[in-house]
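Here's the structure we're looking at; comments come further down.
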There are 2 protein chains.
Amino acid sequence: MPRQVDHDLRRRQIAQAVWRLATRGGLEHVTLRQVATEAEVSARLLQYYFGTRDRLLLGALEILNADAEQRAGQRLAELGEAPGMRALVRGVLWELLPLDEERRTRHLVYAAYFIPFVTDPALASAARDSPRALEDLVSGLLDQGRQSGEVPPEVDTEAESAFLVAGAIGLQTSVLLGQHSPEQAVELIEHRLDGVFAPSLG
Amino acid sequence: MPRQVDHDLRRRQIAQAVWRLATRGGLEHVTLRQVATEAEVSARLLQYYFGTRDRLLLGALEILNADAEQRAGQRLAELGEAPGMRALVRGVLWELLPLDEERRTRHLVYAAYFIPFVTDPALASAARDSPRALEDLVSGLLDQGRQSGEVPPEVDTEAESAFLVAGAIGLQTSVLLGQHSPEQAVELIEHRLDGVFAPSLG
DNA sequence: CTCTTTATGGTTCGATCGAACCATAACACG
DNA sequence: CGTGTTATGGTTCGATCGAACCATAAAGAG
């Protein structure tokens with residue numbers, strides 16, 4: 001063989017080029033030649049590592065998803081040993097906000113893939129399952145919080161978790177469009193968490 | 001002249017073809033030839049009515065916005081003479097949900113334009129102003145509701161209106177992705193309106 | 001020291017893109 | 001009854017696209 005090379009690293013290097021191009025001009029600017037130039041490799045390598053363009057787009061998305069999951073778990077672990085339900089829910093919701101360059105890029109890439117998510121059956125499943133799992137996760141955390149007394153018993157955990165996640169996603173797009181600052185988004189989520197974790201306020 | 005023709009009608013006919021193609025394959029599938037075929041006109045007409053492709057995309061978006069505003073006003077007017085603040089807020093939020101084919105198409109088109117909204121300065125302004133105005137509108141309605149007693153005085157109308165709009169937008173994407181049914185989205189919004197319009201529940 | 005496999009660069013092909021250009025039929029107006 | 005403007009169809013051009021193909025250097029296996 002030639003100089004042995006880390007395939008996963010190469011694939012990641014190429015995937016990152018896809019992300020950058022997608023965030024700049026949408027999928028329509030993600031052409032093989034552009035990606036090759038952006039990743040500083042020959043166009044031939046894209047074929048070698050991903051084959052066709054469709055599989056390149058799919059592969060870049062899978063790497064993005066893996067990254068997202070890993071980084072999210074990492075950040076949640078950094079909350080300490082017994083974080084409390086409110087901190088955990090906040091941590092989960094913050095993953096949905098573009099609070100740093102990494103998450104901003106990630107959510108912009110998802111936005112670029114949105115139409116394929118809706119129309120392409122191959123991608124639809126991934127898009128359908130992931131945020132639904134998030135909602136169940138938050139719902140489970142709220143249930144735990146109710147048992148530990150952090151959440152008052154009259155709270156509808158199903159509805160509240162669903163609306164919390166929906167609100168976070170709405171704030172995500174709002175921040176990406178420049179309508180709200182990241183700080184405003186955090187503040188609004190905190191205000192809603194006040195409503196869920198303390199019964200007296202609406 | 002040749003047979004006098006309604007220019008606005010023609011432009012609308014072409015714009016609708018753009019919308020359909022954008023919802024199916026994203027902006028990357030909105031090519032001049034595809035649009036011409038879809039609209040059943042010659043490619044030459046696209047140049048005649050819109051000029052370049054960029055201006056076609058911009059024009060199609062402007063027509064979509066005009067339609068949205070008109071239909072929204074129409075539906076809100078159908079609420080009757082003195083609808084009450086809750087009904088008005090609900091009506092505004094429902095405009096953000098894909099509750100019928102028209103609104104589903106509209107929001108899918110916006111999704112297809114999302115990356116340009118973020119990156120292209122020409123489109124950024126339109127995207128930045130519109131939902132912000134919505135938020136102010138809801139906020140104003142909540143203020144009126146507080147004066148009329150429909151909304152309890154301790155409610156933070158700024159924060160609640162912002163999170164209501166964010167939640168509706170999050171539910172919009174959720175419904176488009178097939179994670180929630182339109183009925184579920186309506187129900188979740190109703191649950192949150194319960195919290196804003198009645199002080200006892202969180 | 002071959003030989004085969006692996007990783008990579010470069011080139012080419014048919015299709016399609018956006019845009020400019022050429023032609024002309026339809027009709028109002030003088 | 002021209003005649004010039006308006007609306008439309010068709011064609012063409014250079015660029016670029018995705019993908020297949022050809023070539024070869026590097027390195028482990030025998």
Exercise. Is it true that the NZ or CZ of B/R192 lies under 6.0 Å from the centre of B/F163's six-membered ring and within 45 degrees of the ring axis?
Worked result: no

Exercise. Would you call A/R86 and A/E150 a salt bridge, using N to O less than 4.0 angstrom?
Worked result: no

For this session: Answer yes when A/E102 and A/R75 have at least one side-chain N-carboxylate O distance shorter than 4.0 Å, and no when they do not.
Result: yes

For this session: Could you identify which residues of residues 29-39 of chain B place a heavy atom less than 4.0 Å from some atom of DNA chain C, listed by residue number, or say none?
Result: B/V30, B/T31, B/L32, B/R33

For this session: Determine, for B/D67 against B/R103, whether the closest basic-nitrogen to carboxylate-oxygen distance falls under 4.0 angstrom.
Result: no

Exercise. Roughly how far, to the nearest 0.5 Å, is CD1 of B/I115 from CG of A/L108?
Worked result: 5.0 Å

Problem set entry | Side-chain donor-acceptor contact under 3.5 Å, B/Y110 with B/N65 | yes

Exercise. Is there a residue in residues 44-54 of chain B whose heavy atoms reach under 4.0 Å of DNA chain C, and which residues are they?
Worked result: B/R44, B/Q47, B/T52, B/R53

Exercise. If only side-chain N and O atoms of B/H7 are considered, is one of them under 4.0 Å from the OP1 or OP2 phosphate oxygen of D/dA7?
Worked result: yes

For this session: Rounded to the nearest angstrom, tell me the gap between atom CZ in A/R10 and atom P in C/dT6.
Result: 17 Å

Seminar exercise, completed: Between CD of A/E28 and P of D/dG18 the distance, given in whole Å, is 12 Å

For this session: Find the distance A/L56:CG to D/dC17:P and express it as a whole number of Å.
Result: 14 Å

Exercise. With a 4.0 Å cut-off, would you call A/E38 and A/R24 a salt bridge?
Worked result: yes

Exercise. Which of parallel (below 30°), tilted (30 to 60°) and perpendicular (above 60°) describes B/H7 and B/Y49?
Worked result: perpendicular

